[in-house]
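This structure is a prediction, so every number in the text was calculated from the model and none was measured.
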Amino acid sequence: MEFFIAVRVSDHEEGVDIAVLRDALERRGPEISSPIAQWIPIGDIGWFASGAPEELRPIETNGVSLFAERDLVAAMRDDVYY
């Protein structure tokens with residue numbers, strides 16, 4: 001079994017440059033060379049919702065904001081959330 005720990009918005013205080021990571025995803029795709037982070041596709045973004053229909057709608061329209069509200073970094077490229 002393999003699992004990953006999500007980058008938190010607050011990790012910028014530890015030297016994680018989130019803007020650089022987002023830029024790399026946008027320009028080069030998810031295969032970036034970074035010793036501290038990588039972009040992993042999220043299979044089902046609904047896993048991060050409580051299951052309530054009113055929470056699923058915002059995820060479908062702007063999942064990046066939902067993750068930011070939870071101090072998690074996310075991005076979308078080619079209709080895939082990372």
K.L.:
For the side chain of Trp39 and the backbone of Tyr81, is there at least one donor-acceptor N/O pair under 3.5 Å apart?
P.N.:
no
K.L.:
Drop me the distance from Gln38's CD to Leu25's CG, to the nearest 0.5 angstrom.
P.N.:
12.0 Å
K.L.:
Sequence neighbours left out, what passes side chain to side chain contact (heavy atoms under 4.5 Å, CB included) with Val80? Give chain and number order.
P.N.:
Pro41, Tyr82
K.L.:
Not counting sequence neighbours, list each pair that qualifies as a salt bridge (charged side-chain N to carboxylate O under 4.0 Å, His left out) and has a residue in residues 23-37.
P.N.:
Asp23-Arg27
K.L.:
Enumerate the residue pairs fulfilling salt bridge (charged side-chain N to carboxylate O under 4.0 Å, His left out) with a member in residues 73-82, sequence neighbours excluded, ordered by first and then second residue.
P.N.:
none
